[in-house]
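By convention in this document, chain letters (A, B, ...) are assigned in the order of the sequence lines, proteins followed by strands, and residues within each chain are numbered from 1.
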Amino acid sequence: MILALVLLSLSFDSQAKEPLKQIPCFNEVSDLQLTWETIKGWKTIANDVSDQTILQSGTDTFGVWIELIIAKKGNTLIRFAPEHTEIVSFNKKDCTRNVRIQPGPLAFIQKNEQSVTDADLNIWIKDLDSRSVTGLLYTWSPHMNLSYINLDEVIEVAKKLKLDLKVVLDPRASQKAAESVAKKYKIPDSYLKRARSVELDRREIYTHYPSYHLINGKGWINTPRLGYDSPKKLIEYIQEELKK
Amino acid sequence: MNLFKLTLFYFLAFTQTTLAQHKAVCNIPEPGLVLKTNIEGSPNYFFRAFPDSDKVAYNGDGTNFVMNMKTGEKFSVPGSYDPVPLFDSKTLTTSSDIGFYFYPVHSNKETTKEEVNLFDKDLKGTYQSVGEIQKINSISKYRIIVVGSEFKQISYAEYLADSSTTPSRINRTKLKNGLCAEKDLKLPMISKDGQYLAARENNASPPRTKIYRITAEDTCEEILDLGLATGKVDFSFDGRKIVFHIDTLQSVDYFNDAGDSTVGNMNVFEMDLKSKKIKQLTYSSNGHSYFPSYRRDGKIVFIRNTGEEDSTEKYSFILVDPKKIKGLQIDEQPPLSTELNCDANQQKDALSAIGQAWYKICAKADTSHEQGFILGANLSREKCLDLVQNYSDSIQLPTSWKLEKKELIKLCGGMSQAKSNKTQPTIKKIVSAKQDPVSIFNSKCAVCHNDNEPFKDPEALKKWPAKLTKGAKTWKDALPMRLKSKDEAFRMPKGGELTQDQINTLLNYID
């Protein structure tokens with residue numbers, strides 16, 4: 001346990017601005033986090049526009065992310081998972097916990113809808129690993145036209161660079177609009193599956209389409225890239241990312 | 001066949017009734033609403049508002065349109081990518097694979113391809129945005145940026161446009177490829193004066209939206225890190241504010257106090273660039289809101305997708321006045337009924353159950369007891385009645401204590417008529433800074449203090465015995481100790497913190 005705490009604080013110290021050890025209820029926060037998952041490493045995701053520092057980390061479990069909100073009023077640890085989100089606030093005075101459970105981030109997508117879940121992505125990653133292939137995950141929306149008018153270009157780029165292409169739909173898109181666009185632009189039915197993934201949600205990609213994600217058997221390769229890229233630009237970008 | 005028709009009729013009637021009931025309960029007034037116009041067909045989310053009129057330029061089902069939000073009239077303009085108006089409102093720009101077009105805008109007819117003002121084959125790219133760097137009488141100098149086809153390339157061109165002629169006379173004066181080439185920027189948007197850029201810094205990990213000053217050398221000097229990854233940003237015409245859409249899930253907890261997230265809704269936020277304060281302008285139960293766009297008067301238009309597939313109101317342009325949106329205002333005074341034979345705590349439980357039911361039905365999610373109470377206490381009388389009458393099965397009261405439906409109706413009936421037209425349920429709790437002392441006592445103290453403390457009579461309250469405060473005999477002694485204490489276990493009220501203004505108000509009241 002002590003080793004774990006040291007590792008956790010080192011991880012924090014090396015990547016965030018405030019040392020985790022100094023936050024109230026450090027031991028309680030650490031204990032809970034360790035019972036949840038092994039984190040990959042905290043990254044500060046917001047600290048400039050609020051009085052709080054927010055750190056997040058992916059975990060060893062694909063589709064599970066942990067977030068730590070350090071605030072004056074007390075600290076909160078959040079576990080995002082496909083089925084539900086667990087929010088635990090620590091009382092600053094006595095470190096007691098207040099636990100709340102909410103539906104998962106994409107609970108608004110009906111389970112019977114065609115979707116691409118974290119489990120599906122995990123299977124895909126294992127498949128990529130077994131074939132030693134890199135994957136290109138592409139997201140589109142019928143409400144952002146550059147994401148579908150030029151879908152052919154992405155297919156061509158993937159072929160040219162020998163990338164395994166997976167295309168997923170905006171989880172909030174109108175089904176009718178998606179079907180209508182798919183018919184007009186001859187988009188295959190398999191590209192109409194909605195993203196229902198905590199991983200993608202935590203990568204903050206749902207604000208704009210298209211987005212491009214490179215992935216291999218070890219996990220994500222690039223930071224999420226949002227916004228249309230011409231084929232030339234996309235090829236240059238991917239080649240640069242794969243060299244890193 | 002007749003039986004089939006009859007069954008179909010009743011099915012449709014039932015469906016319509018159910019939808020109407022749901023709407024009556026769940027729809028809440030749009031904060032700061034000025035104008036709302038429904039959009040036919042399936043629009044592209046990225047659109048732009050005209051600076052000085054009720055017109056918007058958008059792409060719907062592959063065609064560019066200019067629509068008058070007030071009349072609903074719309075006329076097509078050539079081009080199939082997102083159209084953006086110049087500030088004279090007489091000209092519309094649209095990008096394409098082969099170059100950049102300027103078309104005149106008519107108020108009463110469509111524009112044809114032959115009417116093109118200027119075609120600039122040298123400016124190629126997508127995602128254009130427009131700034132006006134100089135204006136002398138009818139002549140404006142515009143700077144237009146596009147995302148070019150090369151890696152890390154943003155291009156810009158400058159044009160002189162004379163709006164004294166019809167159509168405007170437009171000439172290019174400068175073309176530059178490689179603006180801010182030292183950075184990998186995505187979704188760039190230029191400020192209205194053409195001097196700043198908001199973009200997503202793709203090399204940051206995780207990527208964030210930042211504001212940059214464009215230098216004389218065409219590099220980008222970072223001046224603000226929003227600390228967030230937002231949708232496309234729009235600058236206000238006075239350069240003091242920005243607006244953007246962002247997933248509520250990733251934002252609300254960070255800026256507000258209560259900590260409950262809505263589930264997966266896109267909302268619009270405005271940020272004051274000087275104070276860095278962020279104000280939420282839209283709320284989740286109204287649907288997803290995207291791509292807010294400023295007008296010169298500071299009002300904002302955004303596009304809304306309600307998600308109601310077959311509704312004529314599925315997509316709409318919504319014009320709001322952010323000055324009239326005061327943030328989240330909650331009346332924390334529980335509308336307790338005098339007709340019910342139960343104490344304040346029980347009524348609070350009932351209101352919480354009503355609020356939780358509302359959230360479950362309208363936001364399709366669970367919420368806490370405390371948030372449920374805030375929601376329940378702030379439902380209008382009509383919505384409360386609608387909820388109790390049509391969704392009583394969803395209201396789950398504590399098992400130890402049950403109210404009949406007719407008593408819940410009485411509870412809703414206890415809500416003031418005045419409340420019915422003004423309040424909106426929201427998920428956040430904000431303590432309003434200015435309240436009269438009796439309201440503060442009623443909302444903050446009466447829920448626990450059930451000894452008929454004379455909150456309305458300051459003289460009587462001063463002498464009221466303080467039973468549980470060591471070292472104090474009366475409320476006059478106890479109140480300052482309790483309100484000012486740094487010990488959270490001792491400090492009052494238990495149900496939430498008071499602002500300093502509220503503490504002063506209460507202390508002055510019994511002084």
Does the side chain of [Y] come within less than 4.5 Å of [X]'s, by heavy atoms?
X	Y	result
Thr223(A)	Asn202(B)	yes
Tyr127(B)	Leu146(A)	yes
Tyr290(B)	Arg172(A)	yes
Asp229(A)	Lys186(B)	yes

For Pro224(A) versus Pro207(B), what's the shortest heavy-atom pair and its separation?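 Result for this residue pair: O-CG, 3.9 Å.
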Does the side chain of Ser174(A) pick up a donor-acceptor pair with the side chain of Lys314(B) at under 3.5 Å?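 There is such a pair between these side chains.
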Rounded to the nearest 0.5 Å, what's the gap from [atom1] on [X] to [atom2] on [Y]? Could you check?
X	Y	atom1	atom2	value
Ser230(A)	Gln153(B)	OG	CD	8.5 Å
Met144(A)	Asn59(B)	CE	CG	13.0 Å
Asn145(A)	Tyr45(B)	CG	OH	13.0 Å
Tyr81(B)	Ile149(A)	OH	CD1	4.5 Å

Strictly distance-based, threshold 3.5 Å: is any side-chain N or O of His208(A) a donor or acceptor partner for the main-chain N or O of Leu187(B)?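 A pair under 3.5 Å: no.
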Using modelled atom types and a 3.5 Å cut-off, is there a donor and acceptor pairing between side-chain atoms of Tyr206(A) and backbone atoms of Met266(B)?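 Side chain of Tyr206(A) to backbone of Met266(B): no pair is present.
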Centres of the His143(A) and Tyr315(B) rings: under 6.0 Å?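 When the ring centroids of His143(A) and Tyr315(B) are compared, they turn out to be within the sub-6.0 Å range.
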So if I take each residue of residues 235-244 of chain A and look for any heavy atom under 4.5 Å from a heavy atom in chain B, which residues do I end up with?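 Within residues 235-244 of chain A, near chain B: Glu236(A), Tyr237(A), Glu240(A).
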Answer with side chain, backbone, both or neither: which region of Asn150(A) has an atom nearer than 4.5 Å to a non-hydrogen atom of chain B?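 For Asn150(A), the side chain is the part near chain B, not the backbone.
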Pro231(A) versus chain B, the contacting section by heavy-atom distance below 4.5 Å: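 Neither part; nothing is under 4.5 Å.
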Donor-acceptor contacts, no H, no angles, side chain residues 179-186 of chain A, under 3.5 Å, sequence neighbours left out:
from	atom 1	to	atom 2	distance (Å)
Glu179(A)	OE2	Gln175(A)	NE2	2.9

Tell me, for Ser275(B) versus chain A, whether the close heavy atoms (under 4.5 Å) come from the side chain, the backbone, both or neither.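 Nothing of Ser275(B), per the 4.5 Å heavy-atom cut-off to chain A.
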Please flag which part of Asp184(B) lies under 4.5 Å from any non-hydrogen atom of chain A: side chain, backbone, both or neither.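 For Asp184(B), the contact with chain A is made by the side chain alone.
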Is it the case that more than 12 heavy atoms not belonging to Glu222(B) sit under 6.0 Å from its CD atom?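 Yes, enclosed.
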